[in-house]
Amino acid sequence: MTRLEILGVGVDHLTMEEALAHIADFIKTGRPHQVVTANPEMVMDSRRDQELALILREADLVTADGVGIVWAARQLGGPPEKPADRTSDRTPVKPDKPLERITGVELTDALLRLAANSGYHIYLLGGAEGVAAEAARRVTASYPGLKVAGVHHGYFRPDEEPAVVRGIFQLQPEILLVGLGSPRQEKWIRHHLHELGVPVCTGVGGTLDILAGTSRRAPAWMQRSGLEWLYRLLRQPSRFGRMLAIPRFMAAVLAEKPRRRRKSTLR
Ligand code: UDP
């Protein structure tokens with residue numbers, strides 16, 4: 001698997017089909033794995049947040065969440081990162097096709113289909129009281145054969161956390177979707193990965209709200225034109241502060257570009 005380096009963060013260069021093949025392998029091993037869908041905010045946060053930087057470095061799979069990362073890969077184009085810190089073997093070859101966008105919502109949909117077709121159990125954690133339960137009700141109706149091992153809302157107190165983790169461990173799902181908001185969900189997964197013992201754990205942000213019907217995804221034309229961020233901003237203006245990370249990310253990528261070009265001509 002090839003990993004592209006974008007401002008210090010390694011993003012795996014793979015199609016959804018390839019990502020799912022890796023995920024199916026993770027499940028076969030039975031060992032816990034963390035999958036991260038990385039977006040520009042996360043890349044910028046990881047420059048000051050050592051814990052997040054470590055999570056991104058050590059995650060078993062990191063996908064390009066959104067057009068921002070795909071754009072950056074195109075700008076930087078340069079040589080992929082060497083497979084230094086990850087445990088799996090990755091070949092650092094120059095990719096011949098553009099990086100594919102795999103967002104949290106798309107990955108969730110693919111994981112639900114995989115689970116329904118392969119008889120895997122999923123667990124939904126996160127969202128306000130009732131959201132995960134409603135999401136479970138709706139996904140079992142729309143993905144025939146899907147088995148939901150359990151659900152829990154995302155507003156548990158710190159003293160309730162051990163019981164939440166134990167509950168998930170005892171139910172032994174193959175896939176855990178955690179919607180606690182980023183980067184909290186990535187840190188939560190990393191912190192509890194081994195106690196949870198779930199082969200595939202991934203943060204899904206507000207996807208449970210979408211599955212439950214309490215929030216809506218951008219219209220298809222906005223998704224296609226890479227304007228999903230604008231839709232989210234218009235619906236939730238409080239995201240404005242966070243979204244300032246996007247122009248900062250773009251500026252950092254453009255500043256990195258000449259350096260990267262110099263580096264590749266020196267090779
Ligand atoms: N959330 C939660 N517990 C918390 C804080 C947030 O379960 O303590 C949930 C919230 O209800 C929402 C999701 O986390 O469903 C965050 O959604 P958002 O779209 O903001 O995700 P992000 O863009 O931060 O990944």
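Ligands are counted one by one from 1 in listed order, and the atoms in each one are counted from 1 as well. Computed from a prediction, not measured in an experiment: that's the story for all the values here.
Looking only at protein heavy atoms, the nearest one to atom 18 (P) of ligand 1 is G206 N, 3.7 Å. Nearest to atom 7 (O) of ligand 1 among the protein's heavy atoms is G127 N, 2.8 Å. Of the protein's non-hydrogen atoms, R184 NH1, 3.2 Å is the one closest to atom 4 (C) of ligand 1. The nearest heavy-atom contact from the protein to atom 20 (O) of ligand 1 is R239 NH1, 3.4 Å. At the shortest separation from atom 13 (C) of ligand 1 among protein heavy atoms lies G205 O, 3.7 Å. Taking atom 1 (N) of ligand 1 as the reference point, the nearest protein heavy-atom neighbour is Y155 OH, 3.3 Å.
A heavy-atom separation below 4.0 Å is not found between Q236 and ligand 1. Residue contacts with ligand 1: R232 is included, with a non-hydrogen atom under 4.0 Å away. Remark: distances from the non-hydrogen atoms of H153 to ligand 1 are all 4.0 Å or more.
The ligand atoms of ligand 1 that sit less than 4.0 angstrom from a heavy atom of A128 are 11 (O). Annotation for ligand 1: atoms under 4.0 Å from non-hydrogen atoms of D209 are 12 (C), 15 (O). Each of the atoms 22 (P), 24 (O), 25 (O) of ligand 1 lies under 4.0 Å from some heavy atom of S182.
By the 30° and 60° cut-offs, the orientation of the rings of H152 relative to F156 is perpendicular.
Distances between N or O atoms of G126 and those of ligand 1 include no value under 3.5 Å.
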For D209 and S215, what are the C-alpha separation, side-chain angles and deciding distance, and is it a side-chain hydrogen bond (donor to acceptor under 3.5 Å, both in side chains)? CA-CA 5 Å; D209 292 300; S215 91; 5.3 Å; no
Test side chain to side chain contact (heavy atoms under 4.5 Å, CB included) on T202 and L61; report intermediate values, then the result. CA-CA 10 Å; T202 189; L61 196 68; over 6 Å; no
Does R138 form a side chain to side chain contact (heavy atoms under 4.5 Å, CB included) with L211? I'd like the steps, not just the answer. CA-CA 7 Å; R138 290 188 180 211; L211 294 177; 5.9 Å; no
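Few gaps surround OH on Y143; more than 12 heavy atoms of other groups in view lie less than 6.0 Å from it.
Inter-residue side-chain proximity for Q75 and M250 is flagged as unmet; no heavy-atom pair is nearer than 4.5 Å.
Residues L56 and S46 share a closest heavy-atom pair of CD1-CB, 3.8 Å. Across all their heavy atoms, L112 and V139 have their closest contact at CD1-CG1, 3.7 Å.
At a heavy-atom cutoff of 4.0 Å, ligand 1 is contacted by both the backbone and the side chain of L180. When heavy-atom distances to ligand 1 are checked against a 4.0 Å cut-off, R242 comes that close only through its side chain, counted from C-beta outward.
The nearest non-hydrogen atom to atom 9 (C) of ligand 1, considering only G179, A132, G154, comes from G179.
No option in R217, R239, R101, R235 other than R217 meets the salt bridge (Lys or Arg N to Asp or Glu O under 4.0 Å) test with E228.
I168 and V200 are assigned to two separate hydrophobic clusters, defined by single-linkage of ILVMFWY side chains at heavy-atom distances under 4.5 Å.
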